[in-house]
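Comments concern the structure below.
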Amino acid sequence: YQRDFEERFNIPHITDVFPDAEAIRSTFCLKMRSPTEDFSGGYPSDEEWHGYINNKDRVLLKVINYSSPTSAGAVCIDPDCTWIEQWVHRAGPREKIYFRPEKVKAAIVTCGGLCPGLNDVIRHIVITLEIYGVKNVVGIPFGYRGFSDKNLPEIPLSRKVVQNIHLSGGSLLGVSRGGPAVSEIVDSMEERGINMLFVLGGNGTHAGANAIHNECRKRRMKVAVVGVPKTIDNDILHMDKTFGFDTAVEEAQRAINSAYIEAHSAYHGIGVVKLMGRSSGFIAMQASLASGQVDICLIPEVPFNLHGPHGVLKHLKYLIETKGSAVICVAEGAGQSFLENTNAKDASGNKVLGDIGVHIQQETKKYFKEIGTSADVKYIDPTYMIRAVRANASDGILCTVLGQNAVHGAFAGYSGITVGIINTHYAYLPIPEVIAYAKSVDPNSRMWHRCLTSTGQPDFV
Ligand code: ATP
Ligand code: MG
């Protein structure tokens with residue numbers, strides 16, 4: 001074996017820039033104290049001092065050794081080539097911490113689009129900070145914009161404020177796209193005396209968080225910047241799943257079921273459901289699998305034709321003739337080559353996608369008219385309804401653990417990191433590793449094949 005975790009997944013620590021940074025005994029311990037005790041400055045006694053994670057603890061990132069290159073989704077492990085083991089840092093509370101809780105001013109910011117579970121993560125960051133003894137916790141309103149807009153005051157946060165916020169979806173702090181330059185954000189952090197920043201967002205937000213971390217280092221500011229990946233699409237590299245995904249799949253099933261009922265109850269009914277997934281089809285694939293009511297699942301990773309002898313429309317005709325109705329589930333990023341490219345960008349610089357759902361609806365209607373019959377096509381776009389729901393139980397728990405571990409990571413002196421679940425364990429990763437590119441569905445994977453066996457759809461090329 002060749003082990004490369006030292007170079008590749010090493011995470012930046014405060015002592016890299018401040019070798020003499022003072023470490024103190026942790027104020028967080030597994031034995032919870034009575035809330036009536038004054039916690040500030042109260043450090044665990046020897047009996048309470050246990051259960052910490054060692055900085056050398058690692059989680060194995062890759063665990064499957066494929067036996068042959070023909071295994072579905074296989075990465076060929078040639079006996080002649082070196083198998084590189086990849087390990088990442090285990091998340092959790094450390095025995096030594098690099099911030100005195102009474103000197104911490106922690107800020108939380110949520111950026112990008114909404115995702116179920118944002119409030120759950122905010123809630124647990126605040127609660128865990130309080131358990132460490134931090135008194136000064138604020139929310140930055142409306143994403144990075146809140147750092148520069150003088151009309152948007154900080155939101156003071158405490159256990160009392162966040163107690164019930166997880167009962168509704170959205171973000172207590174608000175979100176936004178675009179916003180000030182990184183230098184302006186760091187100026188503002190300096191001005192406000194923020195030395196812990198928790199950033200909840202997707203790839204764009206994490207690119208910003210990493211730039212903030214680097215700028216803080218350049219200015220020799222003793223600051224911890226920790227991300228919690230928020231992507232409803234589940235397209236963050238290396239992670240088993242990201243929060244909100246489970247909830248999104250569950251909610252997406254409801255839309256698929258409605259499309260099925262509509263299609264099934266109409267003469268030559270066809271239901272089209274567009275789901276999230278700009279570059280990755282995980283939600284469409286999982287929701288199709290879970291519902292069992294989808295006849296055609298279209299994702300960005302798998303090319304398809306609408307027209308022609310092997311096109312989607314031809315198969316729709318077959319479905320109408322044999323079953324009487326059909327349901328299509330399409331990811332928003334699929335089939336973009338069929339749509340006019342407007343080159344439009346949103347405030348964050350993301351490409352504005354064309355509406356593939358509308359396109360499929362129109363083309364289907366046209367096609368059935370051309371072949372001398374009719375089709376009753378109903379189009380459902382549940383995107384905003386799905387994004388706004390509150391997290392389900394399993395996402396709620398995931399958010400809780402991620403929020404707690406974000407705080408542990410900051411106190412441990414790590415910065416420029418993000419937290420995720422890897423092979424069922426919680427781990428810290430350097431931000432650049434998770435945003436290198438978007439994770440996508442492998443068209444040769446077992447899972448995509450399972451989806452195809454469920455829908456019964458042929459190849460559309
Ligand atoms: P979503 O999954 O909802 O798209 P996201 O985090 O990718 O989440 P964006 O709107 O792309 O959402 O970005 C969020 C914030 O991050 C914006 O305020 C944007 O200005 C900032 N941002 C995006 N990319 C970068 C970058 N490369 N460097 C610095 N900041 C960035
Ligand atoms: Mg994004």
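These figures come from a predicted structure and were not determined experimentally. Sequence positions, counted from 1, serve as the residue numbers for this chain. In each ligand, atom 1 is the first atom listed, and ligand 1 is the first ligand listed.
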How about CZ on Arg278, more than 12 heavy atoms from neighbouring residues, nucleotides or ligands closer than 6.0 Å, or not?
yes
Is it the case that the side chains of Asp381 and Thr383 hold a donor-acceptor pair, with the cut-off being a distance below 3.5 Å and no angle test?
yes
N or O pair under 3.5 Å between Asp346 and ligand 1
no
Taking a cutoff of less than 4.0 Å between a non-hydrogen atom of the residue and any ligand atom, is Gly143 in contact with ligand 1?
no
Could you give all pairs that pass the ring pair (Phe, Tyr, Trp, His ring centres under 6.0 Å) test and reach residues 208-240, with sequence neighbours left out?
Phe9-His238
Here's a test for you: under side chain to side chain donor-acceptor pair (under 3.5 Å), which of Gln361, Lys365, Lys366 qualifies with Glu363?
Lys366
In the protein, which heavy atom is nearest to atom 12 (O) of ligand 1, and how far is it?
Arg177 NH1, 3.2 Å
Residue-atom pairs from the protein, N, O or S only, that lie under 2.8 Å from the Mg ion (ligand 2)
Asn203 OD1
Does an N or O from Ser348, backbone or side chain, lie closer than 3.5 Å to an N or O of ligand 1?
yes
For the residue pair Thr128 and His408, confirm or rule out a side-chain donor-acceptor distance under 3.5 Å.
no
Centroid separation under 6.0 Å, is that true for the rings of His89 and Tyr428?
no
Lys439 charged N/C atom sitting above Phe282 aromatic ring, 6.0 Å / 45°
yes
Closest non-hydrogen protein atom to atom 27 (N) of ligand 1, residue and atom name please, with distance?
Ala207 CB, 3.5 Å
Out of Ile212, Leu114, Asp233, Thr205, whose heavy atom is nearest to atom 14 (C) of ligand 1?
Thr205
Which is closest to atom 8 (O) of ligand 1 by heavy-atom distance: Arg145, Lys230, Met276?
Lys230
Numbering as shown, the atoms of ligand 1 that approach Gly204 to under 4.0 Å (heavy-atom distance)
5 (P), 6 (O), 7 (O), 11 (O), 13 (O), 16 (O), 21 (C), 22 (N), 23 (C), 24 (N), 25 (C), 31 (C)
Does the N or O separation between Thr231 and ligand 1 drop below 3.5 Å for any pair?
no
Answer yes or no: does an N/O atom from Gly178 fall short of 3.5 Å to an N/O atom of ligand 1?
yes
Six-ring centre of Phe18, Lys222 cation under 6.0 angstrom, axis tolerance 45°
yes
Ligand 1 to Gly113 polar contact by distance, N or O atoms, under 3.5 Å:
yes
Is Arg278 close enough to touch ligand 1? Criterion: a residue heavy atom under 4.0 Å from a ligand atom.
no
Which of the atoms of ligand 1 are close to Tyr144, meaning less than 4.0 Å from one of its heavy atoms?
15 (C), 16 (O), 18 (O), 21 (C)
Polar atom proximity, His206 to ligand 1 (N or O, under 3.5 Å):
no
Report, as yes or no, whether the 6.0 Å neighbourhood of atom NZ on Lys351 holds more than 12 heavy atoms from other residues, nucleotides or ligands.
yes
State yes or no: are the ring centers of Phe147 and Phe142 separated by less than 6.0 Å?
no
Of all the non-hydrogen atoms in the protein, which one sits nearest to atom 30 (N) of ligand 1, and at what distance?
Gly208 CA, 3.4 Å
Which of these passes ring-ring contact (aromatic ring centres under 6.0 Å, His included) with Phe460: His310, His315, His307?
His315
Flag Gly202 as yes when one of its N or O atoms lies below 3.5 Å from any N or O atom of ligand 1, and as no otherwise.
yes
For the aromatic rings, using the six-membered ring if either is Trp, is the centroid distance between Tyr132 and Phe411 under 6.0 Å?
yes
Contacting atoms of ligand 1, where contact means under 4.0 angstrom from a heavy atom of Asn350
9 (P), 10 (O), 11 (O)
Does the side chain of Asn257 come under 3.5 Å of the side chain of Gln293 through a donor N or O and an acceptor N or O?
yes
Interatomic spacing from CG in Asn195 to NZ in Lys103 - rounded to 0.5 Å:
10.5 Å
At under 4.0 Å between heavy atoms, what of Asn203 touches ligand 1? The answer is both
Do Ser171 and Thr110 have side-chain atoms, one donor and one acceptor, less than 3.5 Å apart?
yes
